[in-house]
Every structure is written in structure tokens, then in C-alpha cells.
K.L.:
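Below you'll find the structure I mean.
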Protein chains: 2
Amino acid sequence: MVFAENQYQEGTRDTAWVFPGTALDGFSSGLESLFSQHVLRLPNNCTLLIEGDECRAVYYVRAGWLALSKALEGGQNQIIDFALPGDIVDPSGADGVTASVTVEALTDGALAAMPYRSWETMTGERPALHHLAHRMESAMHARRAERMLRVGRGAAEMRLAYALVEFCIRISPDSDGRNCEFHIPLTQQQLGDYVGLSSVHVCRTLRRMARNGILEMRDHMDIRVLDPRSLACLAGVDVEALKRAIMPQGA
Amino acid sequence: MVFAENQYQEGTRDTAWVFPGTALDGFSSGLESLFSQHVLRLPNNCTLLIEGDECRAVYYVRAGWLALSKALEGGQNQIIDFALPGDIVDPSGADGVTASVTVEALTDGALAAMPYRSWETMTGERPALHHLAHRMESAMHARRAERMLRVGRGAAEMRLAYALVEFCIRISPDSDGRNCEFHIPLTQQQLGDYVGLSSVHVCRTLRRMARNGILEMRDHMDIRVLDPRSLACLAGVDVEALKRAIMPQGA
DNA sequence: CGTCTCATTGATCCGCCTCAATAGCTGTGG
DNA sequence: CCACAGCTATTGAGGCGGATCAATGAGACG
């Protein structure tokens with residue numbers, strides 16, 4: 001029943017260790033309330049070192065943006081995915097004791113951890129939850145596959161346009177696409193890490209889109225899409241179809 | 001209880017429709033035997049059109065290589081992942097009725113389908129199976145993340161070297177890495193589709209590696225790794241760690 | 001023997017990376 | 001209040017990696 005608060009260790013820099021505890025008991029419906037216990041708060045910019053038993057857990061994002069990333073020796077970084085509030089993160093690799101990604105908080109946020117055993121039990125006992133989890137898993141796969149397609153095969157403009165459409169959908173899924181305006185808590189460097197571009201080229205490409213009247217940008221990634229249709233076209237995306245493919249609650 | 005054989009339709013070209021049936025009953029231990037019923041044989045080069053109820057199923061690869069891919073309107077193709085014998089494919093998108101990838105047989109093979117409900121029940125009843133499934137899922141994530149890192153951030157040489165190391169591990173997981181020799185049923189075009197390169201550049205890069213004594217190639221992708229250490233170095237990989245991360249049975 | 005697919009190699013071009021300099025913004029300390 | 005440092009965005013210049021186009025081989029197959 002032990003579950004540590006957010007514990008900092010005077011380590012390299014802004015790094016939090018997480019120690020998941022034992023099984024939860026008592027839960028009600030809805031992911032939010034299922035994960036209402038054992039919440040740990042994450043300060044902006046902190047990196048979660050998940051290893052050993054901590055990999056045998058599932059993490060629910062209650063607030064904030066997380067980046068799941070990997071890096072090469074040379075320091076080249078690639079963001080594998082973002083986790084937004086409501087998402088579930090399972091960082092375990094095949095051996096169950098090594099994380100396959102690094103988790104980093106892009107904003108202040110809150111995370112709830114649950115031992116995988118508990119999660120397994122809960123999903124096993126509640127079909128509706130199991131289905132929701134499956135849908136979320138499928139959505140994540142679809143999302144990553146869409147981006148892999150564009151990172152592997154698309155030019156800079158398509159990669160960025162796609163990323164923006166994806167953000168727009170994930171942030172305001174119910175938006176009709178008319179006045180799509182949102183904030184992404186990312187530097188251009190991080191955006192580049194997401195789509196496989198240098199920050200310089202991200203800047204140039206976004207500027208060009210702005211110049212072409214597709215979007216407007218204000219201080220630090222406040223983005224307003226002026227021409228959603230053109231953006232979707234650049235992204236090579238049918239927005240409604242994409243919504244169905246990558247949003248668990250859609251349809 | 002109906003389950004159609006491999007049904008061809010004189011359509012566009014080499015395309016098979018699959019109709020998964022109802023729940024399986026009676027199974028023993030081991031994935032192979034769990035999926036012993038409702039097997040359908042796939043001829044080389046055929047494309048599975050999975051949609052509607054067919055998405056509410058899980059597919060077990062009994063034999064052959066499958067490619068899961070996506071394409072842009074322009075015809076640009078990206079292979080999201082390969083499925084090898086023993087792997088489980090779940091093509092469903094978030095809505096549950098649209099596939100997020102296209103499945104294509106790269107060799108003659110055999111596939112077994114199981115309605116997702118049955119799979120859910122089975123995993124729910126057998127913890128060992130549930131754990132195995134989770135490990136396989138984690139392995140797949142780790143594998144795709146590793147490649148996304150390299151497609152997004154690595155040069156051609158690294159992408160290809162990584163792909164070869166991955167193949168080597170997946171094909172002969174128990175190999176000590178000494179005499180790594182294997183066949184991949186891929187054209188250079190398909191290899192390029194896997195790592196985001198043109199077939200021409202795949203050819204050039206492989207030739208260069210061969211010239212440098214890293215590997216030997218014989219007719220149509222019979223590959224023999226002469227210098228595994230250098231290959232791993234090019235790939236930016238610790239082979240043993242990678243094995244642990246992407247192979248379910250390892251450790 | 002002709003056709004088809006795939007591998008190979010050359011030549012050319014351009015998209016994106018890298019390096020570099022500047023500017024704006026934020027926070028900090030004197 | 002200003003000076004300064006640190007971070008991010010922006011813009012320019014130059015170079016290279018990989019795409020594209022094109023031509024030739026080389027098997028496989030009917």
C-alpha cells in the first residue's frame with residue numbers, strides 16, 4: 001500500500017524517480033476516478049527515469065503534456081509520441097524491466113501510477129474498461145503509424161502540417177475544424193524532434209505556411225489555423241477519417 | 001462457426017477477403033495451438049483488405065512474412081512493421097471498424113484469425129497468456145520506437161544497419177551473433193519502404209557496406225553479416241540490449 | 001526468345017542540415 | 001533601473017545526402 005510522493009533526488013538535473021506501490025482497491029467508473037489515487041505531480045521539464053519494477057506499471061496522465069522519446073548516442077533526439085491528459089502510458093519493453101522510451105514532462109502535470117497487475121485485474125473484471133483500453137491502444141497505434149508514414153515518406157511541409165492537424169484533433173476533438181486555435185507547449189526544437197526535422201527547418205516551414213495564409217503564430221506556439229482545408233491537404237489527411245482512426249471517443 | 005477459406009475475388013489484383021467467424025472453443029497451451037483453427041493460407045503478394053467486422057479480430061501469423069504498411073495519395077509507401085511467424089496482428093483503428101494499416105503477404109504463408117471477443121476471453125482466463133500478449137505488445141512498441149528514432153534522426157547507413165540487426169535478431173534470436181546469415185523476403189524497394197529510403201539509395205548503401213567488408217549479399221537478399229560488431233556500431237545499437245527490448249521470449 | 005521484375009550504376013538536382021549571426025524575451029542580480 | 005546571461009526564434013549562406021531520372025544487366029518465367 002506504500003506509494004511514494006514525487007521524490008526528487010539531487011541527481012543530474014530535474015529528474016524524478018517514481019516508485020509504484022501495490023494494488024489499488026476500490027474504484028469507480030471512468031478512467032479519471034480509477035486513477036484517482038497515487039497521483040504524483042510533475043514539474044515542467046522533469047524527466048522520469050522508469051526502470052525495474054517501475055516498468056511493471058501503467059501510468060495515467062491526469063494533467064500536462066508528456067513526451068516519450070528516444071535518443072541516439074550523438075544526442076539526436078526523437079519524440080516517439082506525446083501523452084496528453086487522459087492517456088495511458090505503458091513504457092515497458094519486452095523484458096518487462098527496461099523502459100523502451102524516456103518520459104519527460106513538457107508542462108507541469110500530474111501522473112497516476114498503477115501496478116500492471118492491478119490494471120490487468122481491473123480490465124479483466126470490467127469489459128467496458130477493457131474495451132476502452134483496447135480502443136486507446138488502437139488509437140495510439142494508428143497515430144504513430146500515420147506519423148511514421150510521413151516521417152519516412154513526406155516532406156517537411158507534410159510532416160509539420162500533419163503534426164498540427166493531429167494536435168488540433170487531440171486538443172479539441174469536438175471542434176468542427178472551423179476556428180482551430182490552440183497552444184502547444186513545445187519549442188520548435190521539440191516539434192522538430194517529433195517529426196524528424198531540425199529546429200531551423202521547422203521555423204522556416206512554419207513561417208512559410210504563415211506567409212501563405214494557412215496559419216498564424218503568436219508567442220511561443222500559439223497557433224491559429226486560418227485555412228484548415230489547405231492544412232489538411234498539405235498533411236495529406238482526411239480530417240474526419242483521421243479523427244475516427246486516432247481518437248478513442250470518436251464515433 | 002462459419003469461417004471462410006481464403007477467398008479470392010477477381011478484383012484489382014491479388015486481393016483476398018477474410019471473414020472471421022465466431023468464437024473458438026477448446027484450446028490448449030501455446031499460441032500455435034490456440035490459433036490452430038480457422039487458418040487461412042495466403043499466397044505471396046496478396047493484400048488483405050481488412051474492414052468492418054474483420055477489424056474486430058486478431059490475426060496470428062502461422063507462417064510467412066507480412067508487411068503492415070500505409071501509403072500516401074502519391075503512391076509513396078511506408079512499411080510500418082513486419083509480422084513474422086508467431087506474431088499477432090491487430091489492425092484495428094480507434095473506431096474499431098477501420099484498419100489502420102494494410103496487410104500484405106511477402107511470402108506464401110498462413111494466418112489464423114480469432115474474433116477479438118474470443119481473444120479477450122482467452123487472455124482474461126489465462127494469466128500466462130495475458131502476460132505473453134503484453135510482452136509481445138511491448139516488444140512491438142519497442143521495435144517500432146527504435147526504428148522511428150532512426151528513420152527520423154539517422155542517416156541511410158544507420159537506418160539500414162539497424163534494420164539488418166533487427167532482422168537478424170528476429171529471425172535467429174538465439175544466435176550468438178557470430179555467423180549471422182539469413183534471408184529476407186524483400187526487394188530493395190520494400191526494404192526502402194521500411195526505413196524511408198529510395199530503392200536506389202538502399203542499393204548504393206548496401207553495396208558500400210559490402211565493399212567495406214561488413215556483409216555479403218547473394219541472390220535476392222541472402223545476407224551474411226561478416227562483421228557484426230561494425231554493423232551494430234553503424235546501427236547505433238547494443239545488440240544484447242536490443243534483444244531484451246524487442247524479443248518477447250528473451251530473458 | 002521476349003517480357004517482366006529487380007538490381008546496379010551514373011548524372012543531376014534540391015531539400016534539408018549545419019554553421020553562424022542577430023533579435024526578442026525572461027529572469028537574475030547589482 | 002539597467003546590465004547581463006540564457007534560451008528561443010529568425011534569417012542568411014553554404015554544403016551534402018539522398019531523391020529522381022535514366023540506362024544497362026541479370027535472372028525468372030511463359
Side-chain angles (χ1 to χ4, degrees), chain A residues 13-14 43-45 67 72 74-78 104 106-107 149-163 183-212 215-223 234, chain B residues 13-14 43-45 67 72 74-78 104 106-108 150-163 183-212 215-223 234:
Chain A
R13 43 173 263 157
D14 280 1
N44 186 356
N45 238 325
L72 296 172
Q76 304 271 69
N77 200 45
Q78 173 71 41
E104 184 184 1
L106 300 174
T107 65
L149 167 63
R150 285 163 181 85
V151 170
R153 290 312 192 179
E157 208 163 44
M158 170 174 285
R159 301 189 204 182
L160 282 170
Y162 171 77
H183 171 81
I184 46 181
L186 304 173
T187 64
Q188 294 184 349
Q189 174 67 54
Q190 288 165 328
L191 192 48
D193 287 345
Y194 189 52
V195 297
L197 294 172
S198 70
S199 62
V200 173
H201 207 65
V202 167
C203 178
R204 274 191 233 279
T205 308
L206 287 180
R207 291 269 115 235
R208 178 160 10 108
M209 290 192 205
R211 223 177 304 129
N212 294 346
L215 50 80
E216 265 180 16
M217 297 168 55
R218 265 184 293 271
D219 46 28
H220 275 252
M221 299 283 120
D222 273 327
I223 290 180
L234 284 181
Chain B
R13 44 174 264 160
D14 279 3
N44 187 355
N45 238 325
L72 296 172
Q76 303 272 68
N77 200 44
Q78 173 72 41
E104 185 186 0
L106 300 174
T107 66
D108 290 341
R150 285 165 180 84
V151 171
R153 290 312 192 179
E157 207 162 44
M158 171 175 284
R159 301 189 204 182
L160 282 170
Y162 171 77
H183 171 80
I184 47 182
L186 304 174
T187 65
Q188 295 184 348
Q189 174 67 53
Q190 289 164 327
L191 193 47
D193 287 345
Y194 189 53
V195 297
L197 293 172
S198 69
S199 62
V200 174
H201 207 65
V202 167
C203 178
R204 275 191 233 280
T205 308
L206 286 181
R207 291 268 116 236
R208 178 158 13 104
M209 289 194 207
R211 222 177 305 127
N212 293 344
L215 50 80
E216 266 181 18
M217 298 168 53
R218 266 185 292 271
D219 45 29
H220 274 251
M221 297 284 120
D222 273 329
I223 290 180
L234 285 182

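Remember, it's a predicted structure, so these values are computed and weren't measured experimentally. Note on naming: letters A, B, ... go to the chains in the order of the sequence lines (proteins, then strands), and numbering restarts at 1 for each one. Computation of the quantities below employed the complete heavy-atom set of this structure, encompassing side-chain atoms and omitting hydrogens, waters and symmetry-equivalent molecules.
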K.L.:
Using a 4.0 Å heavy-atom cut-off, does A:Gly192 contact any base of the nucleic acid, only the sugar-phosphate backbone, or nothing at all?
P.N.:
nothing
K.L.:
Do you know which two heavy atoms are closest between A:Met217 and A:Leu206, and how far apart they sit?
P.N.:
SD-CB, 3.8 Å
K.L.:
Determine the minimum heavy-atom distance between A:Arg153 and B:Leu197, stating which atoms define it.
P.N.:
NH2-O, 3.2 Å
K.L.:
Can you tell me how far P of D:dG6 sits from CD of A:Gln189, to the nearest Å?
P.N.:
19 Å
K.L.:
Can you name the closest pair of heavy atoms from A:Tyr194 and A:Gln78 and give their distance?
P.N.:
O-NE2, 3.2 Å
K.L.:
Atom CE of A:Met217 to atom P of C:dG24: distance rounded to whole Å?
P.N.:
16 Å
K.L.:
Given D:dG18, D:dT20, C:dC17, identify the nucleotide with an atom nearest to the side chain of B:Arg204.
P.N.:
D:dT20
K.L.:
As a test of reading the structure: which of C:dT9, C:dC6, D:dA19 is closest to the side chain of B:Thr187, going by heavy atoms?
P.N.:
C:dC6
K.L.:
Please assess B:Leu72 against A:Met158 for the test side chain to side chain contact (heavy atoms under 4.5 Å, CB included), listing each intermediate value before the final yes or no.
P.N.:
CA-CA 11 Å; B:Leu72 296 172; A:Met158 170 174 285; 3.7 Å; yes
K.L.:
Which of the following nucleotides, D:dA9, C:dC16, D:dG18, is nearest to the side chain of A:Gln188?
P.N.:
D:dA9
K.L.:
Starting at atom CZ of B:Arg208, determine the distance to atom P of C:dA7, rounded to an integer number of angstrom.
P.N.:
18 Å
K.L.:
Please report, rounded to the nearest Å, how far the C1' atom of C:dT18 is from the CD atom of A:Gln76.
P.N.:
11 Å
K.L.:
Rounded to the nearest angstrom, tell me the gap between atom CG in A:Leu197 and atom C1' in D:dT10.
P.N.:
16 Å
K.L.:
What's A:Gly154 touching, base or sugar-phosphate or nothing? Going by heavy atoms closer than 4.0 Å.
P.N.:
nothing
K.L.:
Quickly work out the B:Asn44 CG to D:dC29 C1' distance and round it to whole Å.
P.N.:
15 Å
K.L.:
A:Gln190 CD to D:dA9 C1': how many Å, rounded?
P.N.:
14 Å
K.L.:
How close do A:Leu191 and A:Ala163 get, counting heavy atoms only, and between which atoms?
P.N.:
CD1-CB, 4.5 Å
K.L.:
Between A:His220 and A:Val200, which is nearer to the 5' end of DNA chain D once each is assigned its nearest nucleotide?
P.N.:
A:His220
K.L.:
Roughly how many Å is it from CG in B:Leu191 to P in C:dC6, rounded to a whole number?
P.N.:
14 Å
K.L.:
For D:dT10 and A:Arg207 - does any side-chain N or O of the residue sit under 4.0 Å from the phosphate oxygens OP1/OP2?
P.N.:
yes
